[in-house]
Amino acid sequence: MKKITKICCIGAGYVGGPTMSVIAKQCPEIQVTVVDINKERIAQWNTTDLDNLPIYEPGLKEIVGERRGKNLFFSTEVDKAIDEAQMIFISVNTPTKTYGKGKGQAADLKFIELCARNIAKVAKDDKIVVEKSTLPVRTAQAIQNILDHTGNAVKFEILSNPEFLAEGTAIEDLIHADRVLIGGNDTPTGKAAKNALSAIYEHWLPKERILQTNVWSSELSKLVANAFLAQRVSSINTISALCEKTDANIQEISRAIGFDSRIGPKFLNASVGFGGSCFQKDILNLVYIARSYGLTEVANYWEQVIIANDYQKSRFAENIISSLYNTISGKKIVVYGWAFKKDTNDTRESAAIAVVDALLEERAEIIVYDPKVAKERIFADLDYLNTRTPEENRVLVTVTNDPIKATEEAHAIAILTEWDEFKEYDWKTIFKQMLKPAFVFDGRRLLDSTAMERIGFNYYKIGQS
Ligand SMILES: NC(=O)c1ccc[n+]([C@@H]2O[C@H](COP(=O)([O-])OP(=O)(O)OC[C@H]3O[C@@H](n4cnc5c(N)ncnc54)[C@H](O)[C@@H]3O)[C@@H](O)[C@H]2O)c1
Ligand SMILES: O=c1ccn([C@@H]2O[C@H](COP(=O)(O)OP(=O)(O)O[C@H]3O[C@H](CO)[C@@H](O)[C@H](O)[C@H]3O)[C@@H](O)[C@H]2O)c(=O)[nH]1
């Protein structure tokens with residue numbers, strides 16, 4: 001196999017952008033082109049103002065600033081990039097289907113199929129096609145079929161190389177990856193393709209951390225990894241509800257169980273519920289796949305992770321309502337944080353959306369502050385729910401840039417994202433200007449209970465009575 005010198009990535013999103021930037025940084029001799037059909041997104045990737053890249057990730061703008069125009073390019077010329085590349089990563093979105101068979105559970109593969117057809121149409125020489133998107137097990141078969149039957153008789157080798165980065169720590173996760181997974185055929189050409197992709201990662205990762213498997217194990221491992229991670233969050237969150245009834249403390253429990261090396265300490269932070277574009281989507285997909293093979297018990301088991309997460313979000317909202325004397329109509333509630341976790345501007349499936357929607361159903365007056373999420377995004381998230389008209393959302397919700405002023409005459413504050421800056425606020429001043437009794441509902445266990453109670457707040461921390 002020839003040495004790889006040109007790669008392209010279809011999809012310039014949360015995965016394609018950071019992943020390709022890191023490859024460009026670590027492999028200066030490889031030309032990396034990231035393409036997208038979304039012109040606006042590509043224009044943002046090419047902006048001279050690096051603070052305005054389409055996604056926010058610590059460390060990303062420095063890498064883009066260093067490599068862009070040298071061996072990292074962002075373009076809308078999809079066909080040209082496919083034609084020139086020896087290796088093509090598909091990193092387009094694979095959302096939950098909103099129509100037809102599998103609606104609400106199965107992954108929508110229309111964007112993947114479009115990419116496969118496009119590659120088949122354009123390619124004039126042999127290519128390695130890499131599934132970077134998260135896909136249902138056996139998708140590579142469908143891609144192979146499309147490529148083999150609609151192409152120009154060129155040979156395609158398909159690899160599965162799922163991405164495990166988490167948002168907010170994407171660059172760190174890519175540079176210090178726990179492992180890289182490469183699934184491919186066990187044929188000589190399959191093995192050569194796996195080694196060619198491995199050689200890229202070997203620029204910065206030790207070979208032992210690059211795992212090679214068959215395609216199906218690789219595809220399914222990605223869904224299983226997310227299911228296990230989400231399951232840990234749901235497990236600890238269900239116990240947080242029990243703690244609130246029993247005077248046990250969820251943090252002490254996380255610590256106590258996490259010390260067992262078989263359990264381990266990570267991913268045991270109780271919260272208002274997990275969000276993000278992946279956990280729910282990927283578990284629903286796993287559930288759908290299990291059900292489609294008649295494995296009802298398997299499907300039901302994993303579905304419970306999502307049911308528990310929905311319960312955590314609604315439980316949090318209901319607690320606000322009942323603590324505020326069962327009526328929040330017209331009451332001013334300030335929401336700190338809209339992103340699904342700190343250090344990202346991504347709001348997909350954020351717990352804040354469900355919690356605020358429940359509060360709006362009770363006609364609360366909501367003021368939202370998030371340091372990285374734009375006002376338009378917040379309204380778009382609420383409008384998408386279709387619970388009420390866009391006009392009603394704009395009457396009931398205000399988005400502010402001034403988190404401290406927002407609390408004047410407020411009845412309550414709900415902390416829904418764990419942004420570090422919330423810890424630094426002058427909570428005494430905030431207390432003084434709020435209506436009394438002043439409530440803080442901490443869905444991220446961010447603040448110190450004793451300090452908050454000493455100031456005078458009615459302070460609720462998830463997982464603690
Ligand atoms: N977001 C994450 O943290 C994360 C992490 C690991 C894996 N994943 C998986 O990676 C995939 C991509 O996720 P994302 O968050 O980057 O999505 P995204 O929505 O941010 O980006 C996808 C991009 O693909 C583009 N696109 C769609 N169809 C196209 C086509 N035919 N040609 C060119 N461009 C096209 C879209 O315009 C969009 O900009 C998904 O399968 C997701 O499950 C995501
Ligand atoms: O102890 C914890 C850990 C996480 N969360 C929440 O869980 C969600 C997901 O967090 P995280 O996993 O850190 O972020 P993602 O960017 O969604 O990353 C997950 O989803 C990606 C997309 O598939 C995978 O690549 C990553 O490995 C996987 O961690 C967020 O709302 C977190 O606040 C908790 O509530 N408690």
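These numbers come from the heavy atoms of this one structure, side chains and all, not from hydrogens, waters or symmetry mates. Counting convention: from 1, in listed order, for ligands and their atoms alike. These numbers come from a predicted model, not from an experiment.
At a 4.0 Å cut-off, not a single heavy atom of Arg232 sits close enough to ligand 2 to count as contact. Using a 4.0 angstrom heavy-atom cutoff, Thr134 does not count as in contact with ligand 2.
Side chain to side chain, Asp381 and Thr347 meet the donor-acceptor criterion of an N or O pair below 3.5 Å. Between the side chains of Tyr14 and Glu163, no donor-acceptor pair of N or O atoms lies under 3.5 Å. Ser234 and Asn309 share no side-chain donor-acceptor pair at under 3.5 Å. Tyr459 and Asp442 share a side-chain donor-acceptor pair at under 3.5 Å. Side-chain atoms of Glu131 and Asn161 include no donor-acceptor pair closer than 3.5 Å. No hydrogens or angles considered: nothing links the side chains of Trp419 and Asp343 as a donor-acceptor pair under 3.5 Å.
Among Asp343, Thr344, Asn269, Leu165, the residue whose heavy atom lies closest to atom 1 (O) of ligand 2 is Asn269. By heavy-atom distance, the residue among Lys222, Lys341, Glu349 lying nearest atom 13 (O) of ligand 2 is Lys341. Among Ser234, Ala166, Ser271, Ala225, the residue whose heavy atom lies nearest to atom 35 (O) of ligand 2 is Ser271. Considering each of Ser277, Cys278, Gly273, the one bringing a non-hydrogen atom nearest atom 20 (O) of ligand 2 is Cys278.
A cation-pi contact links Lys372 to Tyr56, judged by a cut-off of 6.0 Å to the six-membered ring centre and 45° from its axis.
Of the protein's non-hydrogen atoms, Phe267 CZ, 3.1 Å is the one closest to atom 12 (O) of ligand 2. Regarding atom 29 (O) of ligand 2, its nearest protein heavy-atom neighbour is Leu229 CD1, 3.7 Å. Atom 17 (O) of ligand 2 has Phe340 CE1, 3.5 Å as its closest protein atom, hydrogens excluded (heavy atom only). Looking only at protein heavy atoms, the nearest one to atom 27 (O) of ligand 2 is Phe164 O, 2.7 Å. Nearest non-hydrogen protein atom to atom 7 (O) of ligand 2 is Phe274 CB, 3.3 Å.
Between Phe228 and Trp302, the two ring planes are tilted [angle within 30° to 60°]. In this structure, Tyr425 and Trp427 have tilted ring planes: the angle between them lies in the 30° to 60° band.
Against a heavy-atom cut-off of under 4.0 Å, Arg444 is close to the following atoms of ligand 2: 33 (O). For ligand 2 and Val233, the ligand atoms under 4.0 Å from any heavy atom of the residue are 2 (C), 3 (C), 4 (C), 5 (N), 34 (C), 35 (O), 36 (N).
For the pair Gln86 (side chain) and Lys6 (backbone), a donor-acceptor distance under 3.5 Å is present. With Asp282 contributing its side chain and Asn226 its backbone, the two residues share no donor-acceptor pair below 3.5 Å. A donor-acceptor pair under 3.5 Å is formed between the side chain of Arg209 and the backbone N or O of Ala177. A side-chain donor-acceptor contact under 3.5 Å links Lys127 to the backbone of Ile82.
Residue-level proximity to ligand 2 for Leu268 is carried by the backbone, the only part with a heavy atom below 4.0 angstrom.
Considering backbone and side-chain N/O of Phe279, none are found under 3.5 Å from N/O of ligand 2. Checked by distance only, ligand 2 and Glu167 come closer than 3.5 Å through their nitrogen or oxygen atoms.
Annotation: side chain of Phe274 is in contact with side chain of Val305 (closest heavy-atom distance under 4.5 Å).
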Could you pull out the N/O contacts under 3.5 angstrom between ligand 1 and the surrounding protein atoms?
unit_1, atom_1, unit_2, atom_2, d
ligand 1, 1 (N), Glu167, OE2, 2.8
ligand 1, 3 (O), Glu167, OE2, 3.1
ligand 1, 15 (O), Arg348, NH2, 2.9
ligand 1, 16 (O), Tyr14, N, 3.0
ligand 1, 16 (O), Val15, N, 2.9
ligand 1, 20 (O), Tyr14, N, 3.2
ligand 1, 20 (O), Arg41, NH1, 3.3
ligand 1, 20 (O), Arg41, NH2, 3.4
ligand 1, 21 (O), Arg41, NH1, 3.4
ligand 1, 34 (N), Ile37, N, 3.4
ligand 1, 37 (O), Asp36, OD1, 2.6
ligand 1, 39 (O), Asp36, OD1, 3.4
ligand 1, 39 (O), Asp36, OD2, 2.6
ligand 1, 39 (O), Arg41, NH1, 2.7
ligand 1, 41 (O), Thr94, OG1, 2.5
ligand 1, 41 (O), Thr134, N, 2.9
ligand 1, 43 (O), Thr134, OG1, 3.4
ligand 1, 43 (O), Lys281, NZ, 2.5

